[in-house]
Student: 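One structure, pasted below without further comment.
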Amino acid sequence: MTYEPAAVEAKWQTFWEEHRTNEPDLDAAERPFFNLMMYPYPSAEGLHVGNLYAFTGADIYGRFRRLQGDDVFEPIGYDAFGIHSENHALKVETHPMELIPSNIRNFERMLRAAGLMTDWSRTVDTTDPAYYKWTQWLFVQLFNAGLAEKKEAPVNWCPSCQTVLANEQVIAGRCERCDTPVEQRQLSQWFFKITKYADRLLDNLEWIDWSPSTKTAQSNWIGRSHGASLRFPISGHDAGDETIEVFTTRPDTVFGATFMVLAPEHPLVDVVTTDDRRREVEAYAREAASVDLVERQKTEEKEKTGVFTGGYAVNPATGAEIPIWIADYVLMGYGTGAIMAVPGHDERDHQFAGAHGLDILPVVCSRDALPDGTDPTSADLGVGDGAFVEHTADEVLINSDRFSGMEAIAGGRAIVEWLAERGLAEERVNYRLHDWCISRQRYWGPPIPVIYCEACGPRAVREQDLPVLLPYVEDFRPTATGVSPLARVEEFYETTCPECGGEAHRETDVSDTFLDSGWYFLRYPSTEYDDRPFDADRTRTWLPVASYIGGEEHAVLHLLYSRFLTMVLKDLGHLEIEEPYARFRKHGLLIKEGAKISKSRGNVILPDDYIVRFGADTFRMYLMFLGPFQVGGDFRDSGMAGPRRFLNKVWASVTDALEAGREGFEDPAVERALHATIKQVTEDLESLDYNTAIAALMDYLNTIRAGGRTASLDEVRPLAVLLAPIAPHIAEELWERLGGAPSVFDHAEWPAYDPAVLVVDELDLPVQVNGKLRATIRVARGASQEAVQEAAVAEENVARHLNGGEIRKVIHVPDRLINLLVS
RNA sequence: GCCGGGGUGGCGGAAUCGGCAGACGCAUCGGACUUAAAAUCCGAAGGGAGUUAUCUCCCGUGUGGGUUCAAAUCCCACCCCCGGCACCA
C-alpha cells in the first residue's frame, strides 16, 4: 500500500476534531504551555504562504513540547478590523460586515488543511462585539487613568487612506498600508501616553528572552538619549522673559552655539520674526509644509536651506546675541523643535553655517591637538573642513571661559550645573518614541467609547454601557475632511451624557487596529467569559505567553504596543505580569526564487495548491527544510520533491518493517545512528533549527535503508514520534500501524537517547603533515599520542611526505587529529 | 550615514569553544527495472592536473593583509547583498 497523503490527512484531521485532541483542559493543566503565533488578518485572497511559514514553525515547537509532556494551548484568531480590511471592502464594493465572515471561514478551512494543532474551541475575532467590548473597556481603563488624552499635535496624515497614522505605521515616509507619501497635519487626536513607559519598555529588554535583533530594533525605536534642556532668552522681546528651549546631547558645546534654528512649524517663529523678514519666513514655512516626508528625506544630502527670522536670542553661556533662523532640517517632531546650532561640532550645523555664512567657533579639541603652554581660553585652532564631533574622554574644552581645559564630558555636566543656578538648564532624557496616536477617521474599527457633553466635558462610556456598537453604515467611505464616516450617522452621533443625562454626542473616530491586537493573547484563555476581558485564575495559569513566534516587522508595532498595554494593566491592578511574552523568536523572511513575494510581482504562493498536490505534511516539511527558520529562505517548487520522497520512503520502511516483523537491533551502528538522531533532533527542535532536524531524520532513514536492507520495528518506531512535530498526519498513521494507541500526541513519549550508546570504540583520525591532510587512520578511542603517531608514520602517504625528515613537533588532539611537523 | 543579518559547489543550504569544508536535499550524469516513458532502486559528482581497477598532487568558503602547527570559523582594512532606522540635535 502506497502513501496517499490526502486520505491520511483527512482521516487524522477528522480524528483530532472528533476527539478534541487539541483542546486542553485549561483549568486542569499541570504543565501549561501557551504557544502563541501572530494571528492573521483574514484577507480575501486567503491564507498567505508567509502566514503558514510562521504558523508551521510555531506549531512544530508546540507539538514538540506536547510530546515532551506539556499541556500545550495553541489558539488562533483573526485581526479583522482595520484599514486594510476596509480598503479591500471598498475596492470590491462589499460591506466588510459581509466580507469578513466569509474570509474567516476560508481561513479556517485552510488552517485546518495545514494540520495545525489549533484549539478551535477558543478563537478570537476582533470584529465580534463580544471581543471589542473589551477593547473599548481597555480604552476606558487608560482614559480613567489619565493615560489617554485628546490633544492637538502634528500627526501623520495619509491622503489616500484619509486618516491619521501612528509614527510606527509610517515606513520611510510612506503609509504602511497603501505606500502613499504621508503628510504632516496639525490635528486633534487621541493619544496613549506610551512615552511614560519608555524607560520601563527599554530597561526590561535586558531580561526578556527575545531574539536579539528584535530587542535592538525596539531599543533603537525608543531611542533614549541623555543630555540637557537649555533655555535661550529671546533678546529685545517686549513680552519680557520668553525663552526658546532646546534639547542637546552636547551641553559641553554651548559656548560654540553661534546661532539657533527653529523648525518652520515652531510656535515661536511668529514671535521672533521681525516685520521686514516676515514675508520671506512665511513663504519658507509654507513651502516646507507642502513637502511630504518622502520628498523631505530626499533633500537630506542636498544643501541645507533656511531663512533668517530677523530675531536674536542670547546664548546663556556667553551672553552673546545670536541670530535665529528657521530651516527644515530641524524637525518639530523631535526634542523641542528648536536647536542651538554648534557648527564647530555638528555636521549639519556646519553645513548650514557654510551655506549661509554664519560664524563657526571651535570649543572642543582633542587633548593632543592642544600644544603645551597654549591658553585654552583663547585657543585659535582655525576652522577645519568639517565639524569636529569626537566626544570621548580624550577631548577637552577650549574657548569656553572658565570651563576651558576641562575634559569635555565632565565639562558638559559642569556647564549644565552652572546654567541651572540661573534656571536656564537642567539634565534631560529625551526619547525618539512618541505617544501612540490611536484615533482613526475611518469606519471599520471599534468606536472610541467617549461621549462629549457641553456641560461635563468628555466622558468615558460607562462599563455597563459597553460595547458601543459599530452601526451598520451603507456608505462607509472615508472623507477628506478629517472626520469619520460615523459622524454622518445621526442615531450614533446623538446621545445623552452618562453624567448629567443632558444632550451629548459620541466620539466618531474608531481606534487603531493595533489596539485590537495589543491584548488578543489575553483573551484566548478566557473566551467563554462574557463578564470580564480575562479571568484572573486563567490568566495566572497561562500567562505570560510561553513561546511567541512571529515576524520582525512587528518589532516596533504590535510587540511594543502589547508590552505597553500589559504594563498599564499591571499598574492598574488587572494583571500580575510585567511582560506579556516570556520568549519571543522572530522567523525569517520567505522569498521565491530569489525575489520578494508580492502580488505585484505575480509570484504569490497559494498554499492550497501545494497541499492538494503534495500533502500538508510534505508542504510543512519543505517550508521548514528550505532554510534556517529564523533566517528565512528561498521557496522553489523543485524543492518539494525531497521531503515528499522522504515521506514516501518512511512509509515504505514502516510497511516493510511491519511485514518482516523483526524486533531489536542487529547492527550496533544503526542503533548508534538512532541515538545520535534522537539527540540531534531534540536539540534542533528546541533551538528552532528545523532544517537540520529534518536533515538528521533523512540521514537516519538513509542509514536504516542502506543497501536495500529492511529495518526492524525497533528501528522505525521512534521515527514515527520524531517525525510527529513536523509531519503530524503521517506520524499518527504510522504510530497507529505500529501498534500505538492514537493519538501519538497523547500516548507517545518523546524518545530519549542513551549517551553510552553514542560512544564508539574506534574512530577515523585525520593525519596531517605540516598542517596538510595526508591520511586518515583508524584508531581506538582515546588512543595515546605514541600509539597514534606510530600508526600515522606507518601510512605510506604520510611516510612519503615526511620524506625521512626529523619530526620536530607533534600536535595531537585526542580523538580529533594528529599533525606532524617536519623541517 | 547609523544599527542588525549575510556572502560557502550548478542551486537551497550544513559545518563557526579554530581541528577531515561541502552534511541533508534539489537539479545533473551513469546503471538497473520497463516494449517505452514516468515512478522506483543502485551508484557518481567542488574546480583543475596527473595516473586512470585505484591512487596522488595543486587550488578552493566575497577581496586584501595578519595571528596560528592548523582559519569558512579569530584580528585588521575593504567590497557587495538583504532588512530596519534615517537631517534624532
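Throughout, a chain's letter reflects where its sequence line sits, starting with A, and its residues are numbered from 1.
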Student: Can you classify the ring geometry of A/Trp325 versus A/His356 as parallel (below 30°), tilted (30 to 60°) or perpendicular (above 60°)?
Tutor: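 Taking A/His356 first and then A/Trp325, their aromatic rings sit tilted (interplane angle of 30° to 60°).
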
Student: Are A/Asn691 and B/C24 close enough that a side-chain N or O sits under 4.0 Å from OP1 or OP2?
Tutor: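 Answer is no, no contact under 4.0 Å.
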
Student: Ignoring backbone atoms, test whether A/Arg644 places a side-chain nitrogen or oxygen under 4.0 Å from the OP1 or OP2 oxygen of B/C26.
Tutor: no

Student: Please work out if A/Leu817 contacts a base, only the sugar-phosphate, or nothing of the nucleic acid, heavy-atom cut-off 4.0 Å.
Tutor: base

Student: Going by atom types alone, do A/Tyr329 and A/Asp349 pair a side-chain donor with an acceptor below 3.5 Å?
Tutor: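 Result is yes, a qualifying pair exists.
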
Student: Quick one: label A/Gln768 by what it contacts on the DNA or RNA (base, sugar-phosphate, nothing), any heavy atom closer than 4.0 Å.
Tutor: base

Student: Which of these nucleotides, B/A70, B/A89, B/C57, is closest to any side-chain atom of A/Asn819?
Tutor: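 Output: B/A70.
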
Student: Would one find a side-chain N or O of A/Asn797 under 4.0 angstrom from OP1 or OP2 of B/C57?
Tutor: yes

Student: Are the aromatic rings of A/Tyr610 and A/Phe635 close, with centres under 6.0 Å apart?
Tutor: yes

Student: Is A/Arg774 near enough to B/C57 that one of its side-chain N or O atoms lies under 4.0 angstrom from OP1 or OP2?
Tutor: yes

Student: Side chain of A/Lys772, heavy atoms from C-beta onward: which of B/C58, B/C57, B/C87 has the nearest atom to it?
Tutor: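 Out of B/C58, B/C57, B/C87, the nucleotide with an atom closest to A/Lys772's side chain is B/C58.
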
Student: Indicate, with yes or no, if the rings of A/Phe614 and A/Phe619 have centres closer together than 6.0 Å.
Tutor: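 No: the rings miss the under 6.0 Å criterion.
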
Student: Counting only heavy atoms not in A/Glu426, do more than 12 fall under 6.0 Å of its CD?
Tutor: yes

Student: What's the gap between B/C59 and B/A70 when it is taken at their P atoms, as a whole Å value?
Tutor: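 Between the two P atoms, the distance is 14 Å.
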
Student: Is B/G9 in the syn or the anti form, by the rule that syn lies within 90° of 0?
Tutor: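 Here the answer is syn: the torsion falls within 90° of 0.
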
Student: It should be established whether A/His801 places a side-chain nitrogen or oxygen under 4.0 Å from OP1 or OP2 of nucleotide B/U56.
Tutor: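 No, outside the criterion.
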
Student: Under a 4.0 Å threshold between the charged nitrogen and the carboxylate oxygen, would A/Asp815 count as salt-bridged to A/Arg781?
Tutor: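 Looking at A/Arg781 and A/Asp815, the cut-off is not met.
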
Student: RNA chain B in dot-bracket, Watson-Crick or G-U pairs under 3.5 Å, [ ] crossing, | other strand?
Tutor: (((((((..(((......[....))).(((((.......))))).(((((....)))))..(((((..]....))))))))))))....

Student: I'd like the P distance from B/G10 over to B/G62, given in whole Å.
Tutor: 14 Å

Student: Give me the distance, rounded to whole Å, that separates B/A23 from B/G9 when you measure between the C1' atoms they each carry.
Tutor: 14 Å

Student: Which one, B/C24, B/G12, B/A89, comes nearest to the side chain of A/Arg636?
Tutor: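 From the listed options, B/G12 comes nearest.
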
Student: Taking only the C1' atom of each, what is the distance from B/A44 to B/C81 in whole angstrom?
Tutor: 34 Å

Student: Encode nucleotides 40-48 of chain B as B, S and - characters from 5' to 3', where the letter depends on protein heavy atoms closer than 4.0 Å: B to the base, S only to sugar-phosphate, - to neither.
Tutor: SS-------

Student: With C1' as the reference atom in both, quote the distance from B/C85 to B/C11 in angstrom, rounded to an integer.
Tutor: 33 Å

Student: Pick the P atom in B/U54 and in B/A45, then give their distance to the nearest Å.
Tutor: 11 Å

Student: Between A/Glu245 and A/Arg428, is there a side-chain N and carboxylate O pair less than 4.0 Å apart?
Tutor: yes

Student: B/A86, OP1 or OP2 - any side-chain N/O from A/Arg432 closer than 4.0 Å?
Tutor: yes

Student: Under 4.0 Å, heavy atoms only, any strand: does A/Pro643 hit a base, just the sugar-phosphate, or nothing?
Tutor: nothing

Student: Roughly how many Å apart are B/A86 and B/A72, using the C1' atom of each and rounding to a whole number?
Tutor: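 So the two C1' atoms sit 33 Å from each other.
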
Student: For atom CD of A/Glu427, is the number of surrounding heavy atoms from other residues, nucleotides or ligands below 6.0 Å larger than 12?
Tutor: no

Student: Write down the distance separating the C1' atoms in B/G19 and B/G83, rounded off to the nearest Å.
Tutor: 35 Å

Student: Return the nearest nucleotide to the side chain of A/Trp221; candidates are B/A86, B/C20, B/C87.
Tutor: B/A86

